[in-house]
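What follows is one structure encoded as structure tokens, with my remarks underneath.
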Amino acid sequence: MKRFSAVIVSVTCAALFVLSGTQAFAGGAGEAKSAAGAPVVINVAFANNPISQALEKIAKEKYKAPGVTVNFAVLPENDLRQKLTTEASTGGTTYDMFYFGPYEANNWARNGWLENLDPYFKALPADKAAWYDKADLIQGMLGSVSLNGSPYALPFYGESSFIMYNKELFAAKGLTMPDAPTWDQIYELAKKINDPAKGIVGMTMRGAPGWGMSGAPFVTIVNAFGGRFYDMNWNATVDTPEQRGAWQMYKKILREAGQKDILSYTYNECIALMQSGNCGIYYDATSIAPPLESAGSAVKGKVGYVLPPHQKMTTNTAWLWNWSMGINPKSTAAKKQAVFDFMLWATSKDYVKMSLELDPTGSSTPPASRSSTYKLPAYASAPYATMTLKTLESTDFTKPTLEPVPYVGLQYIAIPEFADAGTKMTQYLADYVVDKITLDEAIKKTNDLFNQVAKDGGYKK
Amino acid sequence: MNRTRTIQEVQRSMRLKKIFRVSVMSAIIYAAAIIYFFPILYMFLSGFKSEFQAVRPSFVFKPTLETYGKVLSDPNMYGYLRNSFFQVFAGTLISLVLGMPAAFVLVFGKFRKRESNEKIYMWFITTILLPPVAVLIPLYTWYQTFNLNRTPLGLLIAYIGFHVPIVVWMLYSFVSDIPVEIMEASEIDGCTRMQQLLFMAVPLARTGIIASGLLVAVFIWNEFFLGFNLTSNVTATLPVYMARFREQQGMFIAQLSASSTIAILPAVVLGWMTQKSLVKGLTMGAVKG
Amino acid sequence: MKKKHDWVFVLPAILVVAVMTQVPFILTIVYSTLRWNLARPDMPIKFAGIDNYLYFMRIENWKEIPEFYSIVWQTVMITGLTLAICTITGFLMSLLLDTTVPGVNFARTLILGPFFVMSTASGVIWKTTILNTTFGWYGVIAKALGFTSVDLLSYYPIPVIIFLFVWQWMPFFVLVILAGLQGISFDLIDSMRIDGVNWFQATFLIKLPMITNHIRVAVMLGLIFIVKEFGLILVTTAGGPGTRSYTLPYAVYMEVFNASNVGRASALATMTVAMTLIAVNMLYRSLKKRSAI
């Protein structure tokens, strides 16, 4: 009996092994041999924000290109950035399409880590070029991922930031939101709405560390308070009253009127909280508004939108970002073409239509990529559309701060070291928010860090 | 006036006391076990809830298979399962095939220098200490050059390299148990080393081989760091897939639980079925030192 | 004749291990002497001697100890406390399970379970279904008992990580120690009973010294694997808040993938290995001294 069961077990194991072995090899190695005529397999990765996830859903169903298989991966944003940056900088070929924003686009294009798209556009047949209508892409967005006039990526969607608030909760407490609030006003309003006994959070913001996570709202607060990170001689200017004001405001809001699990909140958690109707104010990207107006949201139709808060600096206190797609220059020619075709499809007017079919409220539609999107009746009537456009028009990422600075970028600093330094800064910020270190310690650490970066990076002469 | 108790009464009270003690012990042991195991138990149960039911923690619910349906109809899931199975089978098998001869020869072999056996053995042991993070960059760049960077083969080679020392370490003490006289006698009889290995050492050390194989299988199944950095979405293993759940809160608890159950089930079941062999394998090393 | 070919049996193993572990490690040591930032190809790779090491270790003024030392201390604390708590609770649990009560095997099997659960799965499960202050058991029980639930992962990251490590590794200790306890001969137990030795003396003065070898095996294996652990920290606290729950392997990972600084990451990795080697050596010697044999 024992012998028999031993035989059965070993036979099963052998079978499983052979099965898994052949398939695993087929899966992994199959991509290496893509001779002409054999199916081309491309690997694409997206971040896990709502609109990108919608792209994955629609693409899985609707994207059909003869002879091409597309493998999708949706990764947490921090993971995605780290993986793609390492991949790009070491010339890897795990992913054939990169997904990134203007921060990476700038560096990568200059370093030759992105494929120049001009030749691909020139090779487009006339009818396809007309169908795509490149001129319809919002030029500011396209410009932010171009170098010397040549596009190195295609913006999939863009965003700025603004304030979203729950009109019902405001009305219940008899409060009104000013059209152009200051951070002080926002703080007061948040505190008044905050009602832990009823489970109502006054204001939610991203708390999870990461330069692209909590860093985004935080740096715009710094800008709004009139602070900056470097003076024109690349000396770090973190230890200034303006910056301190920003640090304190961020902490005040979250500790006195914010979500309980402050540091584990990425935008996904913030959206969920706002959607549930238990939160008064939400400061985040304009692209986050659509999910709030979607069918599953408890606050559909009840959200108001106003300009991003200012303080000492009165305009241009939002952020500017887009998620764009670029081609990995190290992939094979066939794959690169396949990726380009996919990118065209994903950023086309057809896709915009498909996304509206999927969700007529516009919550899956990529905003701020094409001007024609805003002329579509379904989209133009969305409650957030006007404010989104208004905010976008008010941004100028070349002049982020009150006083002149040697860098560009609204919610980030466009130097490669910022990925690390910005993340470390948000880590110190997190420490400070939960009272593990004092404000002085956090400011000092950040200041020293930025000085070190300026020195190591050869910026400071 | 107290009458003395009869023998039967004494025996009965002793029995009762024993039953009482046994019951109390059982209760404590079971309580401890269930509390300890609770997170896994709850995860298992939650896989049978719908997302809506799973949001609030509860034990009372109407079980449904819809979440498992969703999880199992995702073709990616099969990919992760397949990748994990492949790595475990191939990795364990090849590690054993490489490690057993090595352990055998380190115990019984004769090298040019007397101390070589001990030295090589210690060298294997020290490589166990190496955190994979220390070799990642060179490995990553090599793999790039040889096009191994998203392939199952690449990950497999890394797994073998990191787990052979564990096999050698465990098998060394099992093989040491084999009496030297048997080996010497077989030599006199004209056995080659290979014959000694295949027909004497392997059968005699088979509990050790099984125990090491099991341990390595569980380690490879659960391995995260190399899997995280050396795979793409197509070749990812289950631990890598599970890590993606860390940024999705509140909305997908049922799905998380179902996927988790599928991910951990093979390793846990394997571990349970083989706990006795594992203990033998590990404690043999203990007694030897 | 045949003896000369013995090395053939061990060569393939040595080759694979050397190529996969030792050779890359030597390269890592070499890289640690370079100034190499992947994200700045405009700054060429240059020999930098021990600059990378100094970046971490140099203490400019005694009021601000560089972060490196906190990370080392955190690693030591997490590993050391985990091992200590595992030993104590493992021993106590083994004592509890060292009976012939019916069904004790089933209980032992349940307790063993967490050891085989992959650390990323257990981390995600704990974080989402238990430690969450709104949707998790902790939150719900806290509310029922009337005290406010605290975001444990943010405010007490290291205790939570130690707790999770212990949860995962105590079963292993139980497995090994229990085997040791059950290996103690019945004759000895009987003679202890006859001699009227009380439970306390029997356990701590007689049984405990007899199983030090087992404890040593468990601690050594535990040390080797807990120091390397990465997945659990990534999915629960991501090293946060700040760098409060960073361990050395996690710091190396961030230095490579976030900062793209290969030189510094390699220096950190080399120091990690060196410190682990020293720690294991010290532990091995000190435990050897205390064994009863």
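Quick note on labels: first sequence line is chain A, next is B, and so on, each numbered from 1. Just so it is clear, the values below take in all heavy atoms, side chains as well, and ignore hydrogens, waters and symmetry mates.
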Inset, instruction - Pick one of side chain, backbone, both or neither for Y143(B), based on which atoms fall under 4.5 Å of a heavy atom in chain C. - result: side chain
Legend entry - Ring center gap for F59(B) and F38(B) short of 6.0 angstrom: yes
Inset, instruction - Name the region of V280(C), side chain, backbone, both or neither, that has any atom closer than 4.5 Å to a heavy atom of chain B. - result: side chain
Legend entry - L265(B) portion near chain C, given a 4.5 angstrom heavy-atom threshold: neither
Legend entry - Atom group of I35(B) that falls short of 4.5 Å from chain C, counting heavy atoms: neither
Legend entry - Proximal component of S26(B), with respect to chain C [non-hydrogen, under 4.5 Å]: both
Legend entry - Heavy-atom contact with chain B under 4.5 Å, split by part of V19(C): both
Inset, instruction - Could you tell me how the ring of Y253(C) sits relative to the ring of Y250(C): parallel (under 30°), tilted (30 to 60°) or perpendicular (over 60°)? - result: tilted
Legend entry - Which atoms of I111(C) approach chain B - backbone, side chain, both or neither, heavy atom under 4.5 Å: both
Inset, instruction - Sort F124(B) into side chain, backbone, both or neither according to what part of it lies under 4.5 angstrom from a heavy atom of chain C. - result: side chain
Inset, instruction - Could you look at F228(B) and say if it's the side chain, the backbone, both or neither that has a heavy atom under 4.5 Å from chain C? - result: side chain
Inset, instruction - Counting only heavy atoms closer than 4.5 Å, note whether S23(B) contacts chain C via side chain, backbone, both or neither. - result: neither
Legend entry - Residues T109(C) and Q275(B): side-chain donor-acceptor under 3.5 angstrom: yes
Legend entry - Contact class of S259(B) relative to chain C, heavy atoms under 4.5 angstrom: neither
Legend entry - Contacting moiety of W126(C), where chain B heavy atoms sit under 4.5 Å: side chain
Inset, instruction - Can you tell which part of Y36(B) gets under 4.5 Å to a heavy atom of chain C, answering side chain, backbone, both or neither? - result: both
Inset, instruction - Quick one: sort the F115(C) and W169(C) rings into parallel, tilted or perpendicular, breaks at 30° and 60°. - result: perpendicular
Legend entry - Segment of L277(C) engaging chain B (4.5 angstrom heavy-atom cut-off): both
Inset, instruction - Under 4.5 Å heavy-atom distance to chain C, tell me which part of M100(B) shows up: side chain, backbone, both or neither. - result: neither
